[in-house]
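Everything below concerns the one structure shown next.
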Amino acid sequence: MHKILPELRAQFANHAAVVLSAPPGSGKTTVVPPALLAEPWLAGSTILMLEPRRLAARMAATFMAKQLGEEVGQTVGYRVRFEAKVSKATRVEVVTEGVLTRRMQDDPELTGVGLVIFDEFHERSLQADLALALCLDVMSGLREDLKLLIMSATLDTGAVSTLLNNAPVVMGAGQSYPVGVEYCRAGQLPQPQPQPREIAKQVSATIHRALAEQPGDILAFLPGGAEIRHTQALLNAALPSAEIAIHPLFGDLSLAAQTAAVQPDRQGKRRIILATPIAETSITIEGIHTVVDSGWKRSPQFDPNSGLSRLTTQRISRASATQRTGRAGRLGPGYCYRLWSLGEEHGLKPFDPPEILSADLSQLVLDLARWGIHAPSGLRWLDPPPPGHFAQAQEVLHALGALDQQNRITPLGRKMAELPTHPRLGLMLLGAAKQGASSLACDLAALLGERDIIKGRDRSADIEDRLHALAAFRSDGPAAAKALGADTDGCRRVIQTSRQLWEHLPKPARTKGDAPAKTAAAATAAAATAGELLALAFPDRIGQRRALGQGQYKLTSGRGAVLPAHDRLAAHEYLTVAELDAGRIEGRIFLAAPLSKEALMILFAPRLQREEKVFWEEQSGSVKGQRVVRLEELVLATAPLAKPSAEAVLTALLSGIRTLGLSVLPWSEKATELRARLQCLHLWQPDGGWPDLSEAWLLENLEQWLAPYLSGIRNAEQLKKLDLAAILTALLDWKYQSQLDREAPTHLTVPSGSKVRLHYTPGEPPVLAVRLQEMFGLADTPRICNNAVTVLLHLLSPAQRPMQITQDLRGFWEGAYHEVKKELRGRYPKHHWPDDPWQAQPTRRIKPRK
DNA sequence: CTCTCCCT
């Protein structure tokens, strides 16, 4: 690493920004900052170095101080949450990401800072991307002398170099040992979202191979807790526990369990560590010889439609695979089994997508608003925040009162941004202060900001459980908290965070009698309940129980969410849901608190919508009226409405008819025939001005033709009294009425003198069903509609059986009649079946009158 | 079937 220092110095003499690419283990983090301190351009100013984790910041600063023969806090210091070791003499200050963004908000010029170093920039955390964008903004105006160094292990150096106006890229060499890589699968990439059991099977089989083929300890990378549990169960069933120790390792484990996993085994057993990606960068495990990489990881994906994130199991990137493999080569040559094929590897993304593309952006958007930026385009980004995610965050912040109509920060938003917590929780803290409930609010915000203090799969989502554990910890110590199922290190962290939030609260808000709770009784006797306070932060996540016993809730937005199975929170009709996974169809509730209906009504009083709802109730087939109180999609209260307005009744009635269809109306024979005749005329004379009485038109235009007759009607029964024939007739003026009778008559007079009904079906010729004998002597098929439409004759036997269907009567007499005649003579011998139908007397009788 | 980190 020392070899590249001259080049680094030379590049900084001519450039404002330099990119340093060097693999892990190269020592860049601790070698570079002290080496640059003596550069003339840094005279009188300091270096600020950004680390992604507190532990890394502390360790880097401590190591550098030791190299200089000093205590940390002299020339080299650090500043992380809860802890600062810096002095006036400090020239290298190692900070974590949140500290830097806060500092830039308070001192945008970065007074006294000559160089900002971004370490581990390839991790592309949201905060690091934001800090870089802010630095570039500062450099383009306020601080043209500020310099940047981007340090990274496996970075797409081209993109960042381009962003930094073609900054030079300096390449450093690593010092790690060779690791043999074996691809264990041929064939296709497994399905997206693979089953945990499938992954566990593959990983445990490969661990068996590794035990046989390789010496030393094994580190396996799995996507999450479920796969780790399954793998552990498979291995436990097959391996002798006397020789082999299996350790799960993931962030949700207690500190003690994590420590046990990273330390060498006391009895000298071989270790198998089953880890999430926490072992990729955050936790280093010494003595690993073999890595088994499942190739999967689980990560949150923000969905701007729901405003929620959901966990998805995804393929890792090639960069991540390299990082995982490297974990086997820290102390000596190692070996890595990859559970995919070399061919599949080309399908992997080269790098992990940056967090800014998949995270909830509300905190970032609030920070930017404070900076004066209201759109992604206001800054230069390596990857700009997605516009949809950005807009969703603005919407949330606007609803919380942090942004105004123009998306500028409000005074309230400024106060929220001052608090070291998510804007939602910031709003809760400020609101709670007014109610004298600050201490409870601090505990809630701390609980939600830190890992859950209650572990285990069968934990309840009830946040009160956590509050009780905290209270027990405070009054009776760690053992009391542990007895309630809480993790004591977790409790300590939450209490520390809670205290820090308390100290950040505006002074007048911290009234007497609202000091941090000391006992469980004090916590429960607070001025507001957890559910009420959380409702300030999550007004869009009030849950209303759908049905008793199912644990299913409907949220304010209308989305569904479900409690863990058998959770006793399901006894409550209303919940404030603080943490949930968006899920595929239904969300899953992880943390929530009960909320009384009374409190809900008071809390949301200004936002309740009161409306009189008049609607068609299918069950009773009638119009019903209700007074409804709603909170967006939640119906909180209903009461019958005695006298709904006539207008509302009509609207509901019409919608009921539309739902049930035209058949709900009393279609008498007369009305049906009239409608058919008019429909036929509409088809035959498209420009004739006839109304279109198709089902679609009638339903569409109920207001026009039916509504005038509906006054006083409220149910299906009353509809039966309508005279539809009269109503349809009223659609025609007198001229059209007589034209109707002329062109689509109800009856035709046939040669026998009978008036025979015509049957109309839209789209078909009108049918005249008449006994054959009555038509003797008629040559031309009757026509209607100004002779434009030929009637379809159904010529019947004396017993009304159709003998012939035709539109050509002349042709019938001359041809088919003679065949038909023979048959008729056989069946109806008493009737007269003449050989010459032209001359025969048409008749309704058996024999013609003489 | 609950990823991981972080905050003057």
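Only heavy atoms go into these numbers, but all of them, side chains included; no hydrogens, no water, no symmetry mates. Sequence lines set the chain letters: A, B, ... in the order given, protein chains first and strands last, and positions in each chain run from 1.
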- request: Nearest-nucleotide wise, let me know which of A:Gly98 and A:Ser299 is further upstream toward the 5' end of DNA chain B.
  value: A:Ser299
5' precedence on DNA chain B between A:Asp581 and A:Glu450 (nearest-nucleotide basis): A:Asp581
When you measure from the side chain of [X], which nucleotide among [options] comes out closest?
X: A:Leu311; options: B:dC7, B:dT8, B:dC3; answer: B:dC3
X: A:Arg588; options: B:dT4, B:dT8, B:dT2; answer: B:dT2
X: A:Phe590; options: B:dT2, B:dT8, B:dT4; answer: B:dT2
X: A:Arg451; options: B:dT4, B:dC7, B:dC1; answer: B:dT4
X: A:Arg53; options: B:dC3, B:dT8, B:dC5; answer: B:dC5
X: A:His504; options: B:dT8, B:dT4, B:dC3; answer: B:dT8
X: A:Thr96; options: B:dC6, B:dC3, B:dT8; answer: B:dC6
X: A:Val99; options: B:dT2, B:dT8, B:dT4; answer: B:dT8

Length of the line joining [X]:[atom1] and [N]:[atom2], which is rounded to integer Å:
X: A:Arg103; N: B:dC6; atom1: CZ; atom2: P; result: 19 Å
X: A:Asp452; N: B:dT4; atom1: CG; atom2: P; result: 13 Å
X: A:Glu418; N: B:dC7; atom1: CD; atom2: P; result: 17 Å
X: A:Arg424; N: B:dC7; atom1: CZ; atom2: P; result: 22 Å
X: A:Leu505; N: B:dT8; atom1: CG; atom2: C1'; result: 15 Å
X: A:Trp296; N: B:dT2; atom1: CH2; atom2: P; result: 18 Å
X: A:Glu97; N: B:dC6; atom1: CD; atom2: C1'; result: 7 Å
X: A:Ile316; N: B:dT4; atom1: CD1; atom2: P; result: 15 Å

What's [X] touching, base or sugar-phosphate or nothing? Going by heavy atoms closer than 4.0 Å.
X: A:Arg197; value: nothing
X: A:Gln500; value: sugar-phosphate
X: A:Ser125; value: nothing
X: A:Arg310; value: nothing
X: A:Pro300; value: base

Is it true that [X] and [Y] have a side-chain N and a carboxylate O under 4.0 angstrom from each other?
X: A:Asp465; Y: A:Arg459; result: no
X: A:Asp443; Y: A:Arg466; result: no
X: A:Glu83; Y: A:Arg54; result: no
X: A:Asp360; Y: A:Arg424; result: no
X: A:Arg102; Y: A:Glu97; result: no
X: A:Arg197; Y: A:Glu227; result: no
X: A:Arg588; Y: A:Glu579; result: no

- request: May I ask you to check whether A:Ser299 and A:Gln314 show a side-chain donor-acceptor distance below 3.5 Å?
  value: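 Distance-only check passes for A:Ser299 and A:Gln314.
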query: Is any side-chain N or O of A:Arg102 closer than 4.0 Å to OP1 or OP2 of B:dT8?
result: no
- prompt: Can you tell me if the side-chain N/O atoms of A:Thr312 get under 4.0 Å from OP1 or OP2 in B:dC3?
  reply: no
- prompt: Can you list the stems that DNA chain B is part of, where a stem is at least 3 pairs in a row, each Watson-Crick or G-U, with both distances below 3.5 Å?
  reply: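 Stem list for DNA chain B: empty.
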message: Go through it in stages, so that I can follow the logic: the residues are A:Asp489 and A:Arg451, the test is salt bridge (Lys or Arg N to Asp or Glu O under 4.0 Å), and I'd like the CA-CA distance, side-chain angles, deciding distance and then a yes or no.
response: CA-CA 10 Å; A:Asp489 296 305; A:Arg451 279 187 180 282; over 6 Å; no
